[in-house]
Each structure stands twice: as C-alpha cells, then as structure tokens.
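In what follows, a single structure is set out as structure tokens and then discussed.
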Amino acid sequence: MPLVSMNAFLPQAKSEGFAVGQFNMNNLEFVQAIIEAGKEEQSPLIFGASEGAIRYMGLSNVVALAKVAAEESGLPVALHLDHGSSFEMVMKCIQAGFSSVMFDGSHYPFEENIRLTKKVVEAAHAVGVSVEGELGTIGGVEDDLEVADEDAMIADPDEAIRFWEETQVDALAIAVGTAHGMYQGEPQIRYDVIEKVSKQVDAPIVLHGGSGVPDESIKKAISLGVGKINVNTENQVASSKVIRQLLSEQPDLIDPRKYLGPAREAIKEVVKAKMRLFGSSNKAVKS
Ligand code: 13P
C-alpha cells in the first residue's frame with residue numbers, strides 16, 4: 001500500500017478505543033524491525049522521523065525506506081515528521097513524500113501557535129497530508145529539543161480545546177506529564193486533562209514520551225482518549241544493549257550484520273509488545 005495519512009486509521013482508533021504507535025526511524029534496521037513487527041501483528045503504524053533523524057539519514061532515504069516498507073507490507077503506514085519546527089521544514093517534507101506532519105509550535109505564545117498551526121493545516125490538508133499540533137511543553141530530551149523538568153508545562157485543557165477548534169489538527173499532542181527519554185521514577189500523568197480535552201475534541205490525543213510509561217498507565221490513557229503514542233527511547237535502549245553485549249563478548253566482531261541483525265530483532269520485540277499493549281494488533285485494514 002502507498003503511504004497513507006494518519007486519517008486512514010486514527011478516527012477508527014478513537015472510536016474503537018485503541019492507539020496507533022509512532023515508532024521513530026533512526027536507521028535502516030529500525031525501519032525493518034518496525035515494519036516486520038507491524039506485519040506480524042497486522043497493525044497500522046506510523047514511522048516518526050525527527051529533524052535530527054532526517055539530517056542523519058538524508059530526506060530522500062527516509063522517504064524511500066518508508067515507501068518501500070509500506071508497499072511491501074500492504075499495511076496502512078504513515079510517514080510522519082516528528083516535532084517539525086517551521087512551516088518551511090513541513091513543506092520540504094510534504095514535497096519529498098511525507099504523508100503526515102507534526103508542527104510543534106508549543107514554544108510560541110498561544111495565539112501565534114494557533115496562527116502558525118492553522119497555516120500548516122491549510123497547506124497540508126490541501127494535499128491530503130494529516131497534521132499533529134502541540135500544546136503545553138513536553139519535558140525531556142529528544143534530538144534538538146531539550147526541556148528541563150522545571151520548564152515542562154501541562155497543557156491548559158480549555159486552551160487545548162480552543163486550539164483544536166481553531167486549527168482542526170488531526171491529532172492533538174498535549175503535555176500531560178510524560179517526557180521524552182528515560183524517566184527517573186514514574187511519570188505523573190494528568191488523566192483529568194486527557195479526559196476533559198478528549199471529550200470536547202474529535203481528534204485523538206497524542207501521548208509523547210511513551211517509553212517507560214507503565215502498561216496500566218498506557219491502558220488508562222487510551223481508555224480516556226489517547227489514540228497515538230510515540231515510542232523511540234525503548235527501542236534505542238533495547239538495541240544498544242544487544243550491541244554493547246555482543247561487542248564486549250566478542251572483541252573481534254567486525255561484521256555490522258552480526259550485531260545490527262540481533263539489535264533489529266530486539267527492536268522488533270519491543271514494537272510488537274507495544275502494538276499489543278496499544279490494542280492496534282489486527283487493526284490493519286488492507287487495500
Ligand atoms: P520516548 O523518548 O519516550 O520514546 O518518546 C518519543 C517521542 O515522544 C517522540 O516524539
């Protein structure tokens with residue numbers, strides 16, 4: 001199947017009460033592991049590509065890899081820009097073949113975030129590309145984005161509802177207490193914020209910082225209206241643990257296939273478990 005917008009599966013996720021995972025691409029092995037997991041679980045999925053990953057892999061490689069994976073798998077797959085920082089970057093990705101974009105205007109004043117996000121939505125929707133917007137400030141570190149705990153800010157539910165009404169984004173990321181990267185202890189999730197916003201907006205809520213969140217918290221968040229969950233760090237941790245162990249046990253190992261292959265397996269297992277937890281297994285609607 002060609003790449004699809006997130007609207008191919010997010011409305012169903014919200015109405016049926018499951019979530020679709022965004023799994024970030026870091027290299028070829030991540031792409032292969034994520035799509036294999038999707039095939040085994042028959043799950044829709046979202047490839048997330050951050051600006052840092054695009055710089056590392058090259059924009060046309062990112063698009064080519066995602067397209068081939070989607071076409072060969074027959075699954076509904078979206079290629080989504082993660083935390084797009086400008087209108088120009090969003091347009092560059094759409095022109096290159098992305099089927100979905102996030103415009104992260106959360107660091108702008110509220111009215112400016114609405115104005116800029118609306119501009120992105122108008123341009124993206126005109127060519128069938130879905131849009132995720134963000135409100136509040138998600139803590140932690142992800143590539144170029146670094147937000148100290150004291151600067152993380154829970155989204156105001158009334159503002160989030162107005163943001164959605166005005167922008168008509170297809171997925172709404174709101175800061176509810178999760179963070180990018182690894183947690184020290186357990187995240188304190190503001191379920192009340194998820195519930196209040198979700199009841200008033202048609203779009204599913206997006207939970208960033210999905211790594212390391214306890215299973216029960218994930219299930220509760222989904223039951224209240226989270227329909228998209230982002231995961232990257234857990235895949236990085238699982239794959240680098242395998243590589244570290246193999247290279248330390250076998251100092252003569254030089255063939256990258258012999259350590260990247262097992263690392264790929266580790267990523268696949270993490271992704272499969274997330275798909276089951278999110279309830280997206282067997283939800284792939286084939287063309
Ligand atoms: P983690 O760092 O928790 O995996 O979150 C990834 C993410 O939210 C990407 O936007």
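All of these numbers come straight from a predicted model, not from anything done at the bench. Counting starts at 1 for both ligands and their atoms, following the listed order.
Ionic pairing of Glu166 and Arg162 is present here: one or more N-O contacts between side-chain nitrogen and carboxylate oxygen are shorter than 4.0 angstrom. Checked for salt-bridge contact, Glu16 and Lys283 meet the test: a charged N lies under 4.0 Å from a carboxylate O.
With hydrogens and angles disregarded, no donor-acceptor distance shorter than 3.5 Å links the side chain of Asn230 to the backbone of Asp82.
Listed by number with element, the atoms of ligand 1 under 4.0 angstrom from any heavy atom of Asp82 are 9 (C), 10 (O). Residue-ligand proximity, His208 to ligand 1, at heavy-atom distances under 4.0 Å covers atoms 8 (O), 10 (O). Taking every heavy atom of Val231 and a limit of under 4.0 angstrom, the matching atoms of ligand 1 come to 4 (O). For ligand 1, the atoms lying closer than 4.0 Å to a non-hydrogen atom of Gly210 are 3 (O), 5 (O). Near His83, the atoms of ligand 1 lying under 4.0 angstrom from a non-hydrogen atom of the residue are 10 (O).
Taking the six-membered ring where tryptophan is involved, the planes of Phe163 and Phe110 are tilted, since the angle between them lies from 30° to 60°. Using a 30° and 60° split on the angle between ring planes, His180 and His208 fall in the perpendicular class, above 60°.
Annotation: cation-pi geometry satisfied between Lys119 and Phe87 (NZ/CZ under 6.0 angstrom from ring centroid, within 45° of ring axis). For the pair Lys220 and Tyr191, the cation-pi test (distance below 6.0 Å, angle within 45°) is passed.
The closest protein non-hydrogen atom to atom 2 (O) of ligand 1 is Thr233 OG1, 2.5 Å. Summary of contacts: the protein heavy atom closest to atom 8 (O) of ligand 1 is Gly209 N, 2.8 Å.
Of the polar atoms of His180, at least one N or O is found under 3.5 Å from an N or O of ligand 1, judged by distance alone. Residue contacts with ligand 1: Glu234 is placed with no nitrogen or oxygen under 3.5 Å of a nitrogen or oxygen of the ligand (distance criterion only). Polar contact check, Gln22 against ligand 1: no nitrogen or oxygen pair lies under 3.5 Å apart.
Think of Leu253 as one node in a network of Ile, Leu, Val, Met, Phe, Trp and Tyr side chains linked at under 4.5 Å; its network also takes in Val242, Ile243, Leu246, Leu247, Tyr259, Leu260.
By the 4.0 Å heavy-atom criterion, Gly48 is excluded from the residues contacting ligand 1.
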